[in-house]
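Let me begin by presenting the structure, written as structure tokens, before commenting on it.
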Amino acid sequence: MKWWPGKCRMGDMVRVRVGGIWHYGVYISDDEVIQFGLPPREGAAQSPDKVRVCQTTMEEFSGGSIIEVAELTRQEARRRLPPEKTARVARERLGEGGYNLLHNNCEHFAYECVLGEKRSEQEEGAQKRWRERPLAAVYLIRVPSALPDMTVEPAARAEQIMKTRDDSLRRQRFAAWQALAYGAKAQFHLPLSGLKKRWTGQWISDDFFLSIAHAGQWAAAAVSTRPVGVDLEPVSGQREKPWEQLARAMASPAEKQAFDLTKKEAVLALWTRKESAFKRGGGARFSPARVDGLAGGIRTFLPEEAACVLSLCGEHAGSAKLYLMRENGAEEIHPREWGTA
Amino acid sequence: MLTRNEIMEKLREIVISADGGATLKAQRMTEDSFIMQDLGFTSIGMLYLAIAVEETFSIRFDGVGISDFVTVGNLVDYIAERAK
């Protein structure tokens, strides 16, 4: 819907600006505007338990400010309550209490009377801002030497892990999931039971963004309020790989300039940067040569505790916190970052 | 039960997120800080604060308005009674 200062008709939703917030009501006539609580002007503050649905006049409602009236979209106009019913419903609720700033406020009341649904765009806007706040956290965990007796959720993931034939890979997957469970609870107060698997095999949540990685003795999980990708590679303990050939296959001319690809650590840095960027993008097939390892939003770390190279890609990578999982929780770490002294 | 220090630390993170990642206000914040004047929360910002506090501490503001909390200490008192 849109809002305009204009002529009001019976059953219209109206609002007035009070400081930084809108106060809503239902217009019936110039002498009758029904609202849930008084406009929160100075001197009119009410304790929520005393707030009631009450009647006022347009003059009182406006308090000298301009009143805006809702212009419903075609869809909203089709599904709204008939104006006479809106007026009746609003009047029937006079004296009602139960005010709650977030969950049952003047906007919820007006929406319900006009559109039959309880909504507050102001609250939704604040919710959206909270859900998209800058947050990214990476949890690094050592892969256990044997699988402990712990529940993994959702059940489909538990089954996937238990069906992994290779013992080392099974333990790596378990560890990554354990780190993810910890991160989801610590940052979002959520269990993993709601996670779903995409057709690409990637696990996703409706409430936050996630990425996992595991290699050798270490696993990592990243959680964020925006799409995120994490990757890690152990620096030591690997069978020797043809690093220079790998580097040549994946590096662009600019990347060859930026990284000393004769050094294994540099190749791992570039590789993990590319893979973390790919994971962030959520694609199905990873083609390293097609991913820009020098793109913004990627950070690469060298945590001494884990002897690995770890890269994180995402909008909030810049303010990301890194944690090392320990027996009794997680400790924030500040590893050396690639490209810094 | 969370200690007052633990509550303050989590509130600092909320203040940082509300301020777009800037840390100065959060660093200067004490229990005597005024939520609106010192931390710069506008009335719409108080909605954000209420949502953030409810979700961070798994509590609900029932029977109180966010404007009932003048100082950070008022908010800590409320959270300390309810958060586990």
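Naming: A, B, ... by sequence-line order, numbering from 1 per chain.
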Give the C-alpha distance, both sets of side-chain angles, the deciding distance and a yes or no for salt bridge (Lys or Arg N to Asp or Glu O under 4.0 Å) between A/Lys2 and A/Glu71. CA-CA 5 Å; A/Lys2 290 183 183 159; A/Glu71 183 188 298; 5.3 Å; no
Side chains of A/Thr300 and A/Arg273, donor plus acceptor under 3.5 Å: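 Judged by distance alone, the side chains do pair up.
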Pick whichever of A/Gln127, A/Arg133, A/Glu123, A/His103 has the most heavy-atom pairs under 4.5 Å with chain B.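 When all of A/Gln127, A/Arg133, A/Glu123, A/His103 are compared, A/His103 has the most.
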Between A/Gln187, A/Arg131, A/His316, which has the largest tally of heavy atom pairs under 4.5 Å with chain B?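 Winner by heavy-atom pair count: A/Arg131.
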Would you mind checking which part of A/Lys128 comes under 4.5 Å of any heavy atom in chain B, side chain (CB onward), backbone (N, CA, C, O), both or neither?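 Neither part.
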If you count heavy-atom pairs under 4.5 Å with chain A, which of B/Ile16, B/Ile14, B/Thr56 comes out on top?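 Max contact count across the listed options: B/Thr56.
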Taking all non-hydrogen atoms of both residues into account, name the closest pair between A/Arg93 and A/Val53 and its distance.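 Result for this residue pair: O-CB, 3.1 Å.
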Within 45° of the six-membered ring axis of A/Phe301 and under 6.0 Å from that ring's centre, is NZ or CZ of A/Arg299 located there?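 Geometry flag: not set, cation outside 6.0 Å or 45°.
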